[in-house]
Every structure is written in C-alpha cells, then in structure tokens.
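No experiment lies behind these values; they were computed from the predicted model shown. Note that ligands are numbered from 1 as they come in the structure, with each ligand's atoms numbered from 1 the same way.
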Amino acid sequence: MAKVGDYQIRRCEREDIASVVDINAETLPEHYSDYFYYEILSEFPETFLVAELEGSLIGYVMCRIEYGFSHLRKLGLARKGHVVSIAVREQHRGKGVGTMLMRATQEAMTKRNATESYLEVRVSNSEAIALYQRLGYKVSGRLEAYYKDGEAALVMAIQIGQ
Ligand code: ACO
Ligand code: ZN
C-alpha cells in the first residue's frame, strides 16, 4: 500500500489483531477489549492500517467513519473519519511511520466519503499533538476529564479530500 524506508504500510488483517493489542498495551494507557478491535476491523477495514518491518508489526492506526456534527463548520453535519487510536513502538518512532499511517488512513477515509478527520489527544501528549499539527490538524475543542485519570483531551480536526 505504501512504504517509508523499510517500513511497509498495509491494511490490518484479523491475524494481526493480537500484535495490535500488544502494541497498544505497550504504548498507551487506553486499552480496549479484543472484541472492539475485531468489530472496528470488520466495519471499517479500509482505515485500519498497520506498519510492518521484516514481518513484525510495529505500529497501527484504527479509525471509525461516523456521521454527525462537523468539527470544522458551525452547526453543519459531516461524514467524519475518527482516529480512535494510533501508536508506533518506541524503538521505531521518529522515522515517519506515524505520519505515513495518518496520511494513508486519511486517504482511505476520503474513499469512504468522509470530508473531515478528527481525534482526541491528551493535553500532555506533545509528541502526538506536534504530529497532528504538522499534518494540518487544528484544535477544535477541549474535553475536560475525558480520560479515566482525569486528564483533559484536545479535539483536533482537519478537512480532507480537497
Ligand atoms: N526520519 C526522522 N525523523 C522523522 C522522519 C524521518 N523520515 N519523519 C518524521 N520525523 C520526525 C518528525 O519530524 C517528528 O519529530 P517532532 O515531532 O519531534 O518534530 C517525529 O519524527 C514524529 O513523526 P513520525 O516519525 O511520523 O511519528 P512516529 O512514528 O514517531 O509516531 C506517535 C508518532 C504515533 C504519536 C508515536 O509517538 C506514539 O506511538 N506515541 C505513543 C502513543 C500515542 O501517544 N499515540 C497517540 C495517542 S492520541 C490518538 O491515538 C488519537
Ligand atoms: Zn476518539
């Protein structure tokens, strides 16, 4: 599907979920049931991508396509790609994999007729926020005590497919 250096970006398959769960456990405090991953994969296979190096998974991005209030236009409705979770194993960061996963999933979102992409991110997660900003995401809101430990989330969004 796409390459960054020796990293291959491709669609997630059912057989990859165990590795995706493992990467999530290692990198993020937000965990989900295995069922949740399989459910998203079966409903939105185009926007669930993995990054692979020499046969091992080192990153993933998992998204949903939703219909609801726009994060970019007041009172408008929109088809939105929701980046539910993205992560790259620590040893493989800073090599463009996260950027590539985001670009590739945004492109796949537009094929499912989404006109914007959005996500929530911890206010303290400066590395992820910097990545989203570099891609052109803008802060569209803030959700107080969004996470279980009480931390707030920034909602960030971008128009896609133009
Ligand atoms: N060579 C060297 N450096 C590069 C290259 C390259 N080819 N391409 C980009 N970079 C730099 C970028 O400039 C950037 O640097 P900066 O932010 O210090 O300016 C940095 O590398 C990161 O960009 P990428 O390499 O594209 O991103 P990465 O693969 O490191 O993944 C991610 C970013 C996913 C946020 C990662 O840090 C991570 O997994 N963090 C832990 C999990 C996490 O916080 N996920 C996001 C939660 S929010 C949500 O899921 C919606
Ligand atoms: Zn979310």
- Message: Check the orientation of Tyr37 and Phe48. Use parallel for under 30°, tilted for 30 to 60°, and perpendicular for over 60°.
- Response: tilted
- Message: For atom 18 (O) of ligand 1, is there a protein heavy atom at a distance under 4.0 Å?
- Response: no
- Task: Can you figure out which of Val4, Ile86, Leu101, Thr99 has its heavy atom closest to atom 23 (O) of ligand 1?
- Result: Thr99
- Can Ser117 and Tyr137 be said to form a side-chain hydrogen bond (donor to acceptor under 3.5 Å, both in side chains), step by step? CA-CA 9 Å; Ser117 169; Tyr137 284 73; 2.7 Å; yes
- Does Glu30 have a non-hydrogen atom less than 4.0 Å from ligand 1? no
- Item | Minimal non-hydrogen separation, Tyr32 against Val84, with atom names | OH-O, 3.8 Å
- Item | Residue, atom name and distance, where the atom is the protein heavy atom closest to atom 6 (C) of ligand 1 | Lys95 C, 3.5 Å
- Query: Passes side chain to side chain contact (heavy atoms under 4.5 Å, CB included), Arg10 versus Leu57? Steps please.
  - Reply: CA-CA 10 Å; Arg10 60 164 175 83; Leu57 294 200; 3.7 Å; yes
- Note on the structure: In short, Val61 meets Thr105 closest at the heavy-atom pair CG1-CB, 3.9 Å
- Task: Using a strict 4.0 Å cut-off to heavy atoms of Glu120, name the atoms of ligand 1 that fall inside it.
- Result: 48 (S), 49 (C), 51 (C)
- What atoms of ligand 1 come within less than 4.0 Å of a heavy atom belonging to Val83? 51 (C)
- Message: Does the residue Arg134 have a heavy-atom contact with ligand 1, meaning some pair of atoms that are separated by less than 4.0 Å?
- Response: yes
- Item | Any N/O pair Val88/ligand 1 closer than 3.5 Å | yes
- Message: As an exercise, identify every atom of ligand 1 less than 4.0 angstrom from a heavy atom of Glu127.
- Response: 37 (O)
- Gly98 N/O to ligand 1 N/O under 3.5 Å: yes
- atom 25 (O) of ligand 1: closest protein heavy atom, distance to 0.1 Å, is Gly96 N, 2.7 Å
- Distance to 0.1 Å, residue and atom name: give those for the protein heavy atom nearest to atom 49 (C) of ligand 1. Tyr132 OH, 3.4 Å
- Could you tell me the residue and atom name of the protein heavy atom closest to atom 32 (C) of ligand 1, and the distance to it rounded to 0.1 Å? Leu131 CD2, 4.4 Å
- Starting from atom 1 (N) of ligand 1, which protein heavy atom do you reach first, and at what distance in Å? Gly94 O, 3.2 Å
- Message: Just by distance, no angles: are the side chains of Tyr146 and Glu120 close enough, under 3.5 Å, to form a donor-acceptor pair?
- Response: yes
- Query: Going by distance only, is there an N or O of Ser85 that falls short of 3.5 Å from an N or O of ligand 1?
  - Reply: no
- Message: If I consider every N, O or S atom in Glu120, which one ends up closest to the Zn ion (ligand 2)? I only need its name.
- Response: OE1
- Query: Looking only at protein heavy atoms, which one is nearest to atom 37 (O) of ligand 1, and how far off is it?
  - Reply: Arg93 CD, 3.3 Å
- Query: Judged by atom type as modelled, is there a donor-acceptor pair below 3.5 Å linking the side chain of Arg93 to the main-chain atoms of Val88?
  - Reply: yes
- Message: If the threshold is 4.0 Å, N to carboxylate O, is there a salt bridge linking Glu13 and Arg11?
- Response: no
- Does Glu151 pair with Arg122 as a salt bridge, N-O distance under 4.0 Å? yes
- Item | With Val139 via side-chain contact (heavy atoms from CB on, under 4.5 Å) - residues at least two apart | Leu154, Met156
- Query: What atoms in ligand 1 come closer than 4.0 Å to a heavy atom of Asn125?
  - Reply: 43 (C), 44 (O), 46 (C), 47 (C)
- Between the main-chain N or O of Phe36 and the side-chain N or O of Ser33, is there a donor-acceptor pair closer than 3.5 Å? yes
- Could you list the atoms of ligand 1 found under 4.0 angstrom from a heavy atom of Leu28? 42 (C), 43 (C), 44 (O), 45 (N), 47 (C)
- Between the side chains of Glu116 and Ser70, is a donor N or O closer than 3.5 angstrom to an acceptor N or O? yes
